[in-house]
Amino acid sequence: MKLNEKSLAFYATCDSPADNAGFLYKRGERHTAYHRRWFVLKGNMLFYFEERDSREPVGVIVLEGCNVELCDSAENFTFAIRFGGTKSRTYVLAAESQEAMESWVKSLSRASFDYMRLVVRELEKQLQEMSRGLAGGCGGSQDAPGPWKPKPSGPEQSRERLPALPAMLPKENGCAVWNNVLGADRPPDTSGCGGHDQEGTPRPPPLPPRRRVSNGEAASAGAAESPSTFCRLHEQYSREVARLRQDWQQRRRGPQP
């Protein structure tokens with residue numbers, strides 16, 4: 001793999017978040033002495049610097065096709081990064097504590113794209129199993145579920161239960177007749193009160209029968225209804241009510257001695 005040193009140096013020192021960072025002891029390739037280096041893990045690349053404030057890394061380890069495992073060494077908290085192949089190099093590192101060693105081994109083992117590919121495949125498998133389980137729990141229906149619709153409540157639910165009213169109400173003598181709207185086949189209620197039907201909903205009281213009038217009577221009635229006629233009728237009934245009230249008061253007081 002061909003790497004650009006400037007791009008790697010910029011990526012190692014830029015402000016992008018690191019997956020892990022800290023001091024580790026690295027054993028030399030030719031000499032078995034350990035050197036303290038500052039390590040930074042970003043993605044599948046492990047950079048190491050001479051000091052924490054160094055501007056450029058000393059080297060980089062691409063964590064693909066490798067295994068991270070513990071190893072026996074004179075130093076404590078030692079682990080190794082081993083690559084496949086006869087001529088591949090093995091990197092031996094040592095941490096400063098047990099917690100640091102466990103943290104580094106865990107993060108290095110999960111840094112490769114091969115590990116991420118395995119995780120994605122496992123998640124896809126679990127998702128397929130869950131989808132099949134949900135389809136089987138719904139009666140084995142293969143159809144895609146439709147959009148969820150809330151159940152009507154309150155006025156909406158009551159409107160669904162009401163029967164549709166006709167476009168034009170039947171009329172008698174030019175006035176709407178309620179008895180012909182709903183339940184016209186039922187016999188009329190002769191009790192004199194509205195009551196309730198079989199479903200428990202209140203019914204309007206029946207209207208009194210209307211007398212059919214001819215055109216001549218209607219014209220004369222319209223002509224008679226004038227302000228003067230109304231005043232005379234009002235005075236006549238006022239005198240009648242006053243006379244009836246006076247008679248009632250006298251009967252209530254009883255005969256005079």
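Bear in mind the structure is a predicted one, so any value in this text is a computation, not a measurement.
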Can a salt bridge be assigned to the pair [X] and [Y] using a cut-off of 4.0 Å between side-chain N and carboxylate O?
X: Asp247; Y: Arg251; result: no
X: Arg82; Y: Glu69; result: yes
X: Lys6; Y: Glu56; result: no
X: Arg121; Y: Glu124; result: no

Exercise for the section: For Ser103 and Glu99, indicate whether the former's side chain and the latter's backbone hold a donor-acceptor pair under 3.5 Å. Expected result: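 No, because the side chain of Ser103 does not come within donor-acceptor range (under 3.5 Å) of the backbone of Glu99.
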Exercise for the section: Without swapping roles, check the side chain of Asp19 against the backbone of Gly43 for a donor-acceptor pair under 3.5 Å. Expected result: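 The answer is yes, because a donor-acceptor pair under 3.5 Å joins these two groups.
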Exercise for the section: Decide whether Phe39 and Val68 are clustered together by the hydrophobic rule: side chain heavy atoms of Ile, Leu, Val, Met, Phe, Trp, Tyr closer than 4.5 Å, transitively. Expected result: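 Result: yes, single cluster for both.
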Handout entry: same_hphob_cluster(Met45, Ile61) at 4.5 Å side-chain heavy-atom cutoff
Key =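 Per the 4.5 Å side-chain linkage, Met45 and Ile61 are not co-clustered.
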What is the distance from atom [atom1] of [X] to atom [atom2] of [Y], rounded to the nearest 0.5 Å?
X: Ser97; Y: Glu102; atom1: OG; atom2: CD; result: 9.0 Å
X: Tyr25; Y: Tyr34; atom1: OH; atom2: OH; result: 12.0 Å
X: Leu93; Y: Leu108; atom1: CG; atom2: CG; result: 7.5 Å

Problem - Closest heavy-atom pair and its distance - Arg117, Asp114 - result: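 Smallest heavy-atom distance, with atoms named: NH1-OD1, 2.8 Å.
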Practice task
Over all heavy atoms of both residues, which pair between Leu63 and Ser112 is shortest? Give the atoms and the distance, please.
Solution key: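 Result for this residue pair: O-CB, 3.0 Å.
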Pairwise side-chain contact, [X] with [Y], heavy-atom cut-off 4.5 Å (strictly under):
X: Thr13; Y: Phe49; answer: yes
X: Val62; Y: Phe83; answer: no
X: Arg52; Y: Phe23; answer: yes

Practice task
For Glu96, look at atom CD and say whether over 12 heavy atoms of other residues, nucleotides or ligands are found less than 6.0 Å away.
Solution key: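 Check passes, neighbour count above 12.
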